[in-house]
Asker: 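Handing you this structure, nothing more for now.
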Amino acid sequence: MSTYLPPTRNHSPYLPFGDQRGAPFYGKDILSVKQFSKSDLDYIFGVAHEMSEMVSRVGTFDLLKGKILANLFYEPSTRTSSSFTSAMERLGGSVIPINEVRYSSVSKGESLADTVRTLECYADVIVLRHPEVGASAQAARYARKPIINAGDGVGEHPTQALLDLFTIVEELNQVDGLTVTLLGDLKYGRTVHSLARLLSLYNVRINYISPDILRMPAEIVAELDEKGIPQAAYNTLDEVLPETDVLYVTRVQKERFEDLNEYEQVRGAYVISAETLLAARERMIVMHPLPRVGEISMDVDEDPRAAYFRQMEYGLYVRMALLAMVLGKA
Ligand code: CP
């Protein structure tokens with residue numbers, strides 16, 4: 001007797017159960033938050049939520065057994081690199097780690113294009129962090145396998161923005177109607193560039209708090225203006241803290257300054273302490289992409305509103321979801 005089953009909308013008869021190659025994002029690059037619609041976000045967050053439940057129930061499972069991730073980092077990373085490694089391993093796959101490109105053939109002068117062409121011979125997906133804006137898009141032009149942008153210079157950090165938004169959804173159960181205050185280095189901080197763009201898909205109000213020389217780039221403000229997002233820039237937090245639902249703090253990115261004297265003028269411009277939070281809402285959350293270097297003092301850590309450590313864990317689930325999706329298994 002034949003065991004053949006006719007194709008269904010979600011499953012091909014030629015692929016094992018769970019293999020949904022017609023699914024959104026199968027084989028796709030993740031390069032910029034501009035590629036996502038609101039319904040894409042609902043889908044990603046639904047999968048990420050399921051991943052969190054699976055991890056708490058069984059820890060590790062074999063959804064991506066046999067699949068290999070190449071983690072290619074031209075810039076330092078703790079969270080992004082190790083959470084992608086953990087995500088792949090929790091899904092039963094394995095990882096080629098290239099966290100120190102100076103020990104790879106990059107140090108012999110190999111181009112990004114050739115490095116990517118090499119790694120895709122051995123891996124099914126490549127996660128790339130690079131100091132140049134547009135490097136991931138450039139890599140994607142040469143690669144046949146999916147490229148996931150893990151930060152391209154001062155450009156974007158789309159998987160961070162996805163995990164940031166997932167954090168807001170999980171912690172506050174809404175995005176529409178919120179006032180989000182972005183504070184710190186808004187010029188060089190790629191996480192706030194991506195997050196502001198993602199937030200513009202919702203009905204939010206955005207405040208920018210930064211020193212004058214570190215303001216949000218005009219092109220991003222203009223993009224959000226076109227979408228009708230209310231935005232306002234301030235130099236101090238006091239004016240907007242009482243009305244803030246999400247306080248997103250960033251580090252001043254020393255490594256991006258050409259003139260270190262300029263860095264010295266703005267380092268330590270803002271420090272969030274337990275005392276600062278006395279003026280904040282009970283239901284507000286404090287976020288930070290981390291690492292922090294003094295802009296949130298440690299006396300905030302025990303406050304239930306401090307969401308930045310939980311934020312890192314949400315990142316694992318979002319990255320598990322993304323890997324499963326681009327490899328056709330979610
Ligand atoms: N948030 C973030 O990108 O951290 P890492 O630089 O440690 O990856």
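We count ligands from 1, going down the list as the structure has it; atoms in each ligand are counted the same way.
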Asker: Evaluate salt bridge (charged side-chain N to carboxylate O under 4.0 Å, His left out) for K187 paired with D212, printing each intermediate quantity in order.
Answerer: CA-CA 10 Å; K187 178 181 179 185; D212 285 338; over 6 Å; no

Asker: For D238 and T236, which I'm curious about, is there any donor-acceptor pair between the side chains at under 3.5 Å?
Answerer: no

Asker: State whether R292 and D301 are salt-bridged, where the test is any N-O pair (Lys NZ or Arg NE/NH1/NH2 against Asp/Glu carboxylate O) under 4.0 Å.
Answerer: yes

Asker: Show every donor-acceptor pair shorter than 3.5 Å between a side-chain atom in residues 85-97 and any protein atom, with sequence neighbours excluded, or say none if there are none.
Answerer:
residue	atom	partner	partner atom	Å
T85	OG1	N71	ND2	3.1
T85	OG1	S81	O	3.1
R90	NH1	G59	O	2.9

Asker: Rounded to the nearest 0.5 Å, how far apart are OH of Y317 and CD of E50?
Answerer: 14.0 Å

Asker: How would you list, by chain and number, the residues with a heavy atom under 4.0 angstrom from ligand 1?
Answerer: S77, T78, R79, T80, R129, H157, Q160, P289, L290

Asker: Find out whether V249 and Y308 are in side-chain contact, i.e. whether some heavy atom of one side chain is under 4.5 Å from a heavy atom of the other.
Answerer: no

